[in-house]
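Here's the structure we're looking at; comments come further down.
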Amino acid sequence: MTRIFSGIKPTGHLTLGNYLGAVRRWVEVDQHRADALFCVVDLHALTVDHDPGRVRRLSRQAATLLLAAGLDPARCTVFVQSHVDEHARLSYLMECTATDGEMRRMIQYKEKAAREQQRGGSVRLSLLTYPALMAADILAYQADEVPVGDDQTQHVELARDLAVRFNQRYGHAFTVPRAVRPQVAARVMDLQDPTSKMGKSHAATAGIVYLLDEPDVIRRKVMRAVTDSGSGVAYEPDTRPGVANLLDILAACTGSSPEELAESYDSYGALKKDTAEAVVEVLRPLRERHGELCADPGQVDRVLREGAERARALARPTVDAAYSAIGLLPAL
Ligand code: TYM
């Protein structure tokens, strides 16, 4: 059976980008067709300035939201990365397989490091080695497929390269994974700055729809979205990114195509209004279920405990075999 692994990082409240680019597919497709593991990757949240209490709260909230969105623990495994030691164990072997140049070429590293340096801050070493940990996340489970949004495909490519290299050097240890991206909304853009990704750790929040935003807040954010100066509605992502982003969001929420939708609108106002309502309706059941789950924290704890047990049992033999293959003396 196909094995799927994917993760989400608790560095901020989850956004519409996370939902349309990744989580919705996990819920609607992946958990039904494969042996799927979904992980709140809290170790990755320590790669940038962080507040310990906030990371803890966001990790629990992310896990609760994944369940609220419809991940069913009877069908898939939901767990927290730091509960399974194998991620950190294997990450070191990945650092011993990757090169410094490979890590420095990662677009996310370059962008985040440049931003930090501009602010006069320093960059944590773990931000550079982040893709080694991400490769470990994937390879520890022998995952065949990794469903992610556009921004993560370069990291998955690197995980692929590392799997191939490790296997060639030390004998077959890992399945070589591949990234799977959604057909629409693979990159949801910020409503106030449609040339940059809607990201959960951005400081300016007016262009970001969070999964737990109240309906009126969602309406306000969408109605104030920056559009382009052209007239008429057309789907031209390169020249008219604001309108294209709204069309992508509406298409993803309604299951139609952005090109078709463009033909049925002649004003930005009507497009915004329908997009806002579509987003509100897509997120409504999720918000409601989140409220119910918060009232029963024991249920979330149980899911995470059982998820970590299963994940540990799957990852342990793979990581032990990799330790042995690379030349480490097995502990007796
Ligand atoms: P993260 O937490 O930034 O995002 C989680 C998932 O949401 C997708 N995504 C988006 N998709 C479309 N439009 C957007 N604006 C948008 N923003 C985020 C991401 O592509 C991702 O699929 N490094 C990863 C987490 C990770 C991981 C892994 C993923 C760690 N280990 C192993 C897969 C496999 C990250 O930071 O995702």
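In listed order, ligands and their atoms are each counted from 1.
- The two residues Phe174 and Ala163 have their closest heavy-atom pair at CB-CB, 4.1 Å.
- Residue Ala186 touches ligand 1 through its backbone alone, judged by heavy-atom distances below 4.0 Å.
- In this structure, a donor-acceptor pair under 3.5 Å is absent between the side chains of Thr47 and Arg124.
- Under 4.0 Å from ligand 1, not a single heavy atom of Met189 appears.
- Close approach of ligand 1 to Lys197 (heavy-atom distance below 4.0 Å) involves ligand atoms 14 (C), 15 (N).
- Nearest non-hydrogen protein atom to atom 11 (N) of ligand 1 is Gly17 O, 3.2 Å.
- Proximity of Thr15 to ligand 1, defined as any heavy-atom pair under 4.0 Å, is not found for any part of the residue.
- When only modelled atom types and interatomic distance are considered, His155 and Tyr109 share no side-chain donor-acceptor pair under 3.5 Å.
- Within the 4.0 Å heavy-atom criterion, both parts of Asn18, backbone and side chain, lie near ligand 1.
- Residue, atom and distance of the protein heavy atom nearest to atom 31 (N) of ligand 1 are Asp137 OD2, 2.7 Å.
- Looking at heavy atoms from C-beta onward, Gln61 lies in side-chain contact with Leu212 at the 4.5 angstrom threshold.
- In terms of N/O distances under 3.5 Å, ligand 1 is approached by Gly149.
- Taking 4.5 Å as the limit, some side-chain heavy atom of Asn18 sits within range of a side-chain heavy atom of Lys200.
- Side-chain contact check for Ser122 and Glu116: no donor-acceptor pair (N or O, by modelled atom type) lies under 3.5 Å.
- Ranking the protein heavy atoms by distance from atom 6 (C) of ligand 1 puts Ala22 CB, 3.7 Å first.
- With 3.5 Å as the limit, one finds no donor-acceptor pair spanning the side chains of Tyr268 and Asp228.
- Counting only heavy atoms of the protein, atom 28 (C) of ligand 1 lies nearest to Met134 CG, 3.5 Å.
- Interface atoms of ligand 1 facing Val146, defined by a heavy-atom separation under 4.0 Å, are 33 (C), 34 (C).
- In this structure, Glu86 does not pair ionically with Arg312, as no charged nitrogen and carboxylate oxygen lie closer than 4.0 Å.
- Remark: minimum distance from atom 1 (P) of ligand 1 to any protein heavy atom is reached at Lys200 NZ, 3.4 Å.
- Per-residue contacts place Gly21 under 4.0 angstrom from the following atoms of ligand 1 (heavy atoms of the residue considered): 11 (N), 12 (C).
- For ligand 1 and Tyr130, the ligand atoms under 4.0 Å from any heavy atom of the residue are 23 (N), 24 (C), 35 (C), 36 (O).
- Residue Ala34 comes nearest to Thr2 through the heavy atom pair CB-O, 3.3 Å, listed as atom of the first residue, atom of the second, then distance.
- Distances from ligand 1 to the non-hydrogen atoms of Ser6 include at least one value under 4.0 Å.
- Within the model, atoms CG of Leu46 and OG of Ser126 stand 7.0 Å from one another, a figure rounded to the nearest 0.5 Å.
- With distances taken over non-hydrogen atoms, the option nearest atom 19 (C) of ligand 1 out of Asp151, Ile8, Thr11 is Asp151.
- Enclosure of atom CG in Asp266 is not indicated, since only 12 or fewer non-hydrogen atoms of other residues, nucleotides or ligands lie within 6.0 angstrom.
- Residue Val188 places at least one N or O, backbone or side chain, under 3.5 Å from an N or O of ligand 1.
- For ligand 1, the atoms closer than 4.0 angstrom to any heavy atom of Arg187 are 12 (C), 13 (N).
- Less than 6.0 angstrom separates the ring centroid of Tyr141 from the ring centroid of His87.
- Proximity of Val148 to ligand 1, defined as any heavy-atom pair under 4.0 Å, is shared by backbone and side chain alike.
- Protein heavy atom nearest atom 35 (C) of ligand 1, with residue, atom name and distance: Gln152 NE2, 3.4 Å.
- Defined by atom type and a distance below 3.5 Å, a donor-acceptor pair is missing between the side-chain atoms of Ser59 and Asp42.
- Nearest non-hydrogen protein atom to atom 29 (C) of ligand 1 is Gly7 N, 3.5 Å.
- Numbered from 1 in the order shown, with element, the atoms of ligand 1 that lie under 4.0 Å from a heavy atom of Phe5 read 32 (C), 34 (C).
- Side-chain polar atoms of Asp137 and Gln81 form a donor-acceptor pair below 3.5 angstrom.
- Considering both main-chain and side-chain atoms, Lys9 comes within under 3.5 Å of ligand 1 through a nitrogen or oxygen pair.
- Applying the 4.0 Å criterion to heavy atoms of Ile138 picks out, from ligand 1, the atoms 32 (C), 34 (C).
- Ligand 1 has no nitrogen or oxygen under 3.5 angstrom from a nitrogen or oxygen of Trp26.
- Relative to the six-membered ring of Phe79, Arg310 misses at least one condition, a distance below 6.0 Å or an angle of at most 45° to the axis.
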